Number of protein chains: 2
Amino acid sequence: MKKAAAAVMALLIALPVQAAGLKDQVRAWRQGHEAAIVGELSDLTALRSVAADPAGLLATADHLEAQLKARGLTVKRLSTGEGKPPVIYGELLTKGAKRTVVFYAHYDGQPVTPSQWASDPFVPVMRTGILGPAATDVDWRKAPALNPEWRLYGRAVSDDKTSIVAALAALDALKASGRKPSINIKIFWEGQEEAGSTDLAAVIKANAALLKADLWLIGDAPVSQTRQMQLYFGARGTGSLEITVYGPLKPLHDGHYGNWVPNPAVMAAELIAQMRDSDGRILIPGFADGVRPLTPAEQAAIDALPPVEGDLKQQFGIGRSEGGQRLVDSLMRPALNIRGLRAGQVGDQAANAIPSEAVVSIDFRTVPGQAPVRPILEAWLKAKGWTLVDHDPTPAERTANPRLIRLAWEDGYPAWRTDMTLDASKAVIASTSRTVGKPVLILPMMGASVPMYLFADLTGAPVIGLPIVNHDNSQHAANENLRLQNLWDGIEVYAGLFADLNW
Amino acid sequence: MKKAAAAVMALLIALPVQAAGLKDQVRAWRQGHEAAIVGELSDLTALRSVAADPAGLLATADHLEAQLKARGLTVKRLSTGEGKPPVIYGELLTKGAKRTVVFYAHYDGQPVTPSQWASDPFVPVMRTGILGPAATDVDWRKAPALNPEWRLYGRAVSDDKTSIVAALAALDALKASGRKPSINIKIFWEGQEEAGSTDLAAVIKANAALLKADLWLIGDAPVSQTRQMQLYFGARGTGSLEITVYGPLKPLHDGHYGNWVPNPAVMAAELIAQMRDSDGRILIPGFADGVRPLTPAEQAAIDALPPVEGDLKQQFGIGRSEGGQRLVDSLMRPALNIRGLRAGQVGDQAANAIPSEAVVSIDFRTVPGQAPVRPILEAWLKAKGWTLVDHDPTPAERTANPRLIRLAWEDGYPAWRTDMTLDASKAVIASTSRTVGKPVLILPMMGASVPMYLFADLTGAPVIGLPIVNHDNSQHAANENLRLQNLWDGIEVYAGLFADLNW
């Protein structure tokens, strides 16, 4: 760490002694209840809380409502609309508490493609490690002890059901130790995050008084790749775009027509290469206009982060990185990711034909201050000679326009960074650092997107990300998993915040 | 037509009077036997002669053997190997005939994807026109007369089973009119063309004496888009390549890793854009080295071709052409066609992930004189910093190489152009022109590939392409079809060549 960075970090991280014995009590309680806690996580993971299964989402909401009630919280279901998964809101007010904190998590999971999973995504399986030749299934219910390196596999287990179970277990641990919370606790668990949180803003507006708070903590996303506890104070924004480029109405024999009939796969490739290079640089003029620079404190926090690049290259099987920067530096910039390409056929199915269309699926990651993507990109496409449509064009439209392109936008949401030097920020840094026994890592902005801007915009409260799950959890992919040690650590972090957060 | 072109064409096309009454006799015979001829084509099309169905190929060979024997030809099965579809060879020698001509066609068809077809590819269906709202199915067996604009749908019906049936019907017509062939007829029908004619060279070598001839005529490919009869004197060569570009071992969340983990879809797009632009120009240095220029006769033949571009743009729904040249001029150049692209997911399946690989399927069309593609492309890739492998790389190989690319080549075969000023060439031009009653169109080289080089190389005889089917036949795609008028015209062309070809 550079000297200047160290100085700034020292200002951020004050570490008075934690409430006496708190961590030891929580740990002892957890050690006596590991099977029950894992049982709670396994039961919750078995519930089919995915957008494709509305009944599964409602069953999960019912289950969570019961869990909070059983722990003495006042619970409300905040409606997001007829038949849609409600927000489960829980309240535990403590007499004399000066501050109120909302703990956010989502109980819905990403869609699943069961064929890609090693086992049913909704039948949780414990394995001795990360999926591979060395990992074997274990019957944890019969095991004399649980190895903290074991992992529980299932959809949504880490994203975010572990945050939910950690909070519940922390409440149990505090109750068992006879401790009162130092804050008013408000629980906010939504069921639409993986489907874009489309009703979140309306719910927050409709329940403004109920949700009044001094701070929101977001129990989503993973800890550092070094396995160290990390807080994030912002998140990149997101948005997506699907582009269709048109060739002939039907695929055509490329012997008879190649070199003359426009090949849409080539046009799509040319377009991608004009938008972005293989070092991650976005080549569209104006795309990064207005980007808000990092503050000295934010830069210092980044400079203080441990290196992860060498390990990740091995783990991911990559021989280079885009741009050659540190990972964290790369994530502070806007990104244009190609998430899918389709044209014609490959492999055994490949035919000597000019494809009739090419589809490019793009998602964007935006940063604070950045101008909106859509008008900049559309103006640039027009300047490049493209005619833009928002529908499947007719043959007449195709014939009339030399370069026709269909755009299907999903707007997403903007980026956000919370000021790390606020008293609330420093208090969260201090509490979590006390729990883990050393300064936590501080990420001014996460590369992934969480709608932090929305909580901040609508409530005016600071918003901080509180991740507890392992980074190698395969979230958003097949074989999502949770490493048990992360759950154990997470319970202590939540208990620390519940009972030892003050500012 | 330019004056100079007209002068050259006049030298090529001499039109003495056709053997008296031949065409009228053939036409009258055909008009009396239309249902039987279509029945023959339908029966042949119903046989499942595709590479995926070895038994279907053998059944087709048996059927053709019987058809030739029934017409008095001496038939041999030329083996291509155990269990593989044989070449069906038939011979009809005529006393006093000075010249011997081999008539080539293939009886196998392209693979099918039945879900893309409007009806079973192996249950031939007659429709009133090209598939669309205006076309209806007709029961041709019960129709009082067959409309020549009707089309018979089924796999391989036009590519090449119509050439086979036209030859059989022409033999019948000549026999009915009591005419003797003017040439020794040799029939050569192979069953491996759509699978690359892998054993063709061996068969020709093993049967050199049997196949001795003064000319090969290739009954493959379609006539001009103007529906006029056309001969082709060459064909572009072909070859294909599948490229796999590697990203991370597993798809990775692009929020957490985008801008840092290399995106293989972007690398693939960049690579395509470096290889070829959207105007069909190949950008790889040396790719077109050695290309043999067109002769004055070849250029004149091209200049004499009627324009087709306006109609095709309407038909194909395209608003421009690559490079803005005439179609035929574009086809005289080497081509690099992207026939397929795959990376990640698009549409509803799209996930915010960096794909683990991108696949680009390419086919090449080469022209005479051109240097071999493979060494040039591989040297260029290496110069661009790529490490080339021919296998699925290990994680260690992926980590060790910043830019790793897998190449899977299919070698294909070279291009060919037969001299249009040979006596044999002029005789074929004259015979077919006499049959159609006006000068046929002359294409010095077809854009599509037919292994003409192989017949020429191995036998030393001139090789000329003799297409009869409609250009809009959807060959190599779903709903392949044959317009009846093309079959009727084809019978007259074959009969003319059998009975009126002399040089």
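As the structure is a computational prediction, the values presented were derived from the model and not from experiment. Just so it is clear: chains get the letters A, B, ... in the order the sequence lines come, proteins before strands, and each one is counted from 1.
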| query | Looking at B:His471, B:Glu397, B:Lys313, which one has more heavy-atom pairs under 4.5 Å with chain A than the rest? | reply | B:Lys313
| field | Flag, side chain of B:Asn259 to backbone of A:Ser330, donor-acceptor distance under 3.5 Å | value | yes
| remark: From the list A:Gly447, A:Gly317, A:Ser361, the residue making the most non-hydrogen contacts under 4.5 Å with chain B is A:Gly317
| What are the two closest heavy atoms between A:Ile318 and B:Pro248, and how far apart are they? | CG2-CA, 3.8 Å
| request: Count the heavy-atom pairs under 4.5 Å between each of B:Ala358, B:Ala273, B:Ser321 and chain A, then report the option with the highest count. | output: B:Ser321
| field | Part of A:Pro393 within contact of chain B (heavy atom distance under 4.5 Å) | value | neither
| Within the side chain of B:Glu322, is there an N or O that forms a donor-acceptor pair under 3.5 Å with the backbone of A:Asn263? | yes
| Contact winner vs chain B - A:Leu341, A:Leu331, A:Leu336, heavy-atom pairs under 4.5 Å | A:Leu341
| In terms of heavy-atom proximity below 4.5 Å to chain B, should A:Asp277 be classed as side chain, backbone, both, or neither? | both
| remark: Of A:Ile282, A:Asp363, A:Leu404, the largest count of non-hydrogen pairs under 4.5 angstrom with chain B goes to A:Asp363
| Side chain, backbone, both or neither: which part of A:Ala353 has an atom under 4.5 Å from a heavy atom of chain B? | backbone
| Check: B:Ser474/A:Lys250 side-chain N/O donor and acceptor closer than 3.5 Å | yes
| query | Has the side chain of B:Arg342 got a donor or acceptor atom that lies under 3.5 Å from a matching backbone atom of A:Gly344? | reply | yes
| said: With a 4.5 angstrom heavy-atom cut-off, is it the side chain or the backbone of B:Arg281 that approaches chain A, or both, or neither? | reply: neither
| Spatial distance of atom CG (A:Asn352) from atom OG (B:Ser449) [nearest 0.5 Å] | 7.5 Å
| Which atoms of B:Gln274 approach chain A - backbone, side chain, both or neither, heavy atom under 4.5 Å | neither
| For the candidates B:Met446, B:Arg403, B:Gln475, B:Gln314, which exhibits the highest count of non-hydrogen atom pairs separated by less than 4.5 Å from chain A? | B:Arg403
| said: Does any backbone or side-chain atom of B:Arg365 lie under 4.5 Å from a heavy atom of chain A? Answer side chain, backbone, both or neither. | reply: side chain
| message | For B:Glu270, which atoms come within 4.5 Å of any heavy atom of chain A: side chain, backbone, both, or neither? | response | both
| query | Checking ring pair (Phe, Tyr, Trp, His ring centres under 6.0 Å) against A:Phe316, which of B:Tyr257, B:Trp260, B:Tyr246 comes through? | reply | B:Tyr257
| note | So, the part of B:Leu252 with a heavy atom under 4.5 Å from chain A: the answer is side chain
| said: Would you compute the distance between atom CD1 of A:Ile272 and atom CE of B:Met267 and round it to the nearest 0.5 angstrom? | reply: 12.5 Å
| message | Let's test your reading of the structure: which of A:Ala408, A:Gly280, A:Pro402, A:Ala350 forms the most heavy-atom pairs below 4.5 Å with chain B? | response | A:Pro402
| note | Ranked by heavy-atom pairs below 4.5 Å to chain B, first place among A:Ser240, A:Pro262, A:Ala265 goes to A:Pro262
| Check ion pair B:Asp254-A:Arg339 (N to O, under 4.0 angstrom) | no
| task | Might you point out which heavy atoms bring A:Val346 and B:Gly340 nearest each other, and give the distance in Å? | result | CG1-C, 3.6 Å
| note | Rounded to the nearest 0.5 angstrom, the NE2-CZ distance for B:His256 and A:Arg236 is 10.0 Å
| said: Please rank B:Ala268, B:Pro395, B:Ala351 by heavy-atom pairs under 4.5 Å with chain A and give me the top one. | reply: B:Ala351
| remark: Cut-off 4.5 Å, heavy atoms of chain B, and the answer for A:Gln345 is both
| query | chain B heavy atoms under 4.5 Å from A:Gln225: which part of the residue, side chain, backbone, both or neither? | reply | side chain
| field | Pick from A:Ala396, A:Gly347, A:Ala221, A:Ala235 with the largest number of heavy-atom pairs that fall under 4.5 Å of chain B | value | A:Gly347
| query | Below 4.5 Å, heavy atoms only, C-beta onward: do B:Asn337 and A:Ile354 meet side chain to side chain? | reply | yes
| request: Side chain from CB out, backbone as N, CA, C, O: work out which of these in B:Pro111 comes under 4.5 Å of a heavy atom of chain A, or both, or neither. | output: neither
| query | If you count heavy-atom pairs under 4.5 Å with chain A, which of B:Leu249, B:Asn401, B:Leu327 comes out on top? | reply | B:Leu327
